[in-house]
Amino acid sequence: MAARDADGEGMGPLGPPEPAAAPDGSSLAWSSLRREVETCTRCPLHRSRTHAVFYRGGARPRLVVVGEAPGAEEDRRGLPFVGRAGRRLDTALAALGLSEEEVGILNVLKCRPPGNRFVPAAARSCRPYLDRQLAILDPPRLVSLGARALAALDPGAPPILRCAGQPRRALGRPLFPLVHPAAIRSRALARRWQDDLAALGSWLDGPSDGTAREPL
Ligand code: URA
């Protein structure tokens, strides 16, 4: 899932979802939400950003992956998970047989926090954006990456290392928590990542409401 340019123009599946044929106005809602995020000044993070980071993926994903916050490369390009962690994520998703259009990728924070330190207050300001993105995309399944994303989706969840790799439910949807790909700095965690991905593959293949979606 190699990302291409910063604003997604003319990029097909990696650009903004373009549910142009959607009869319900979701295309308009999505593009106006995107504009809101890109011009957001709700919290101090806007002062240090190069780009707000909105989304990459398909218009009707069967899986939405929720990360924590953009890093330096994401801030530079305006796309989520396009740095080293993103390459690890894309490799994993491709190995599971997921196409670019089947997946959506976004973050809890839309702007890079200085020093890559997650800012809970900014997450509260950003929260309506996350909720609106999920409402419009309406994905059958969610994957969270790391403790912050898990806490945003499921505040009552056990610690990430206890529940990564085990399906749960959050926000009325099936949720599969994973450790954050940027946190894999030991052989043990690399093994854990691979094991959890295998479990994710079985979960995706299993019976649930996460079935393939009709293309628009
Ligand atoms: N880590 C995240 O959580 N999100 C990104 O977009 C990049 C790195």
Side-chain angles (χ1 to χ4, degrees), residues 1-8 11 13-17 33-34 37-38 40 43 45-46 48-58 61 63-94 98 100 103-127 129-131 133-134 137 139 142-155 157 159-161 163-165 170 175-185 189-190 192-193 196-197 200:
M1 298 183 62
R4 291 184 277 255
D5 67 23
D7 64 9
M11 298 194 326
L14 286 178
L33 176 57
R34 182 185 190 90
V37 168
E38 288 171 349
C40 179
C43 85
L45 293 190
H46 78 275
S48 51
R49 77 176 176 226
T50 308
H51 294 105
V53 173
F54 186 62
Y55 180 79
R56 78 175 165 101
L63 181 72
V64 162
V65 177
V66 181
E68 299 188 345
E73 187 66 11
E74 289 77 18
D75 174 67
R76 195 176 70 73
R77 294 177 57 187
L79 288 165
F81 281 97
V82 289
R84 195 182 316 170
R87 285 191 286 282
R88 195 187 283 263
L89 174 64
D90 286 350
T91 300
L93 295 172
L98 291 163
E100 293 169 351
V103 180
I105 303 176
L106 49 80
N107 283 307
V108 174
L109 295 189
K110 307 307 183 202
C111 295
R112 183 192 184 199
N116 295 336
R117 268 192 302 280
F118 193 86
V119 182
R124 286 192 289 279
S125 302
C126 266
R127 182 62 198 222
Y129 297 140
L130 174 64
D131 289 333
Q133 283 180 302
L134 294 179
L137 293 170
L142 297 171
V143 165
S144 59
L145 298 179
R148 305 291 194 170
L150 175 61
L153 298 176
D154 185 359
I160 181 70
L161 286 178
C163 63
L175 165 68
F176 197 96
L178 289 174
V179 296
H180 197 287
I184 301 169
R185 293 194 205 94
L189 271 179
R192 172 72 183 266
W193 173 252
D196 292 351
L197 287 173
L200 172 60

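Just follow the structure's listing: the first ligand is 1, and inside any ligand the first atom is 1.
- Asp75 places a side-chain N or O within donor-acceptor distance of the main-chain N or O of Thr50, the cut-off being under 3.5 Å.
- When each of Asp90, Val64, Leu79 is paired with Ile105, the side-chain contact (heavy atoms from CB on, under 4.5 Å) condition holds for Asp90 and for no other.
- The side-chain hydrogen bond (donor to acceptor under 3.5 Å, both in side chains) test applied to Arg192 returns Asp196, not counting sequence neighbours.
- Atom CZ of Arg127 has more than 12 neighbouring heavy atoms from other residues, nucleotides or ligands inside a 6.0 Å radius.
- Residues Leu109 and Phe118 meet the side-chain proximity criterion, which asks for heavy atoms closer than 4.5 Å.
- Contact residues for ligand 1 (protein heavy atom closer than 4.0 angstrom to any ligand atom): Gly67, Glu68, Ala69, Pro70, Glu74, Pro80, Phe81, Asn107, His180.
- Judged purely by atom type and a 3.5 angstrom limit, Glu74 uses its side chain to pair as donor or acceptor with the backbone of Gly83.
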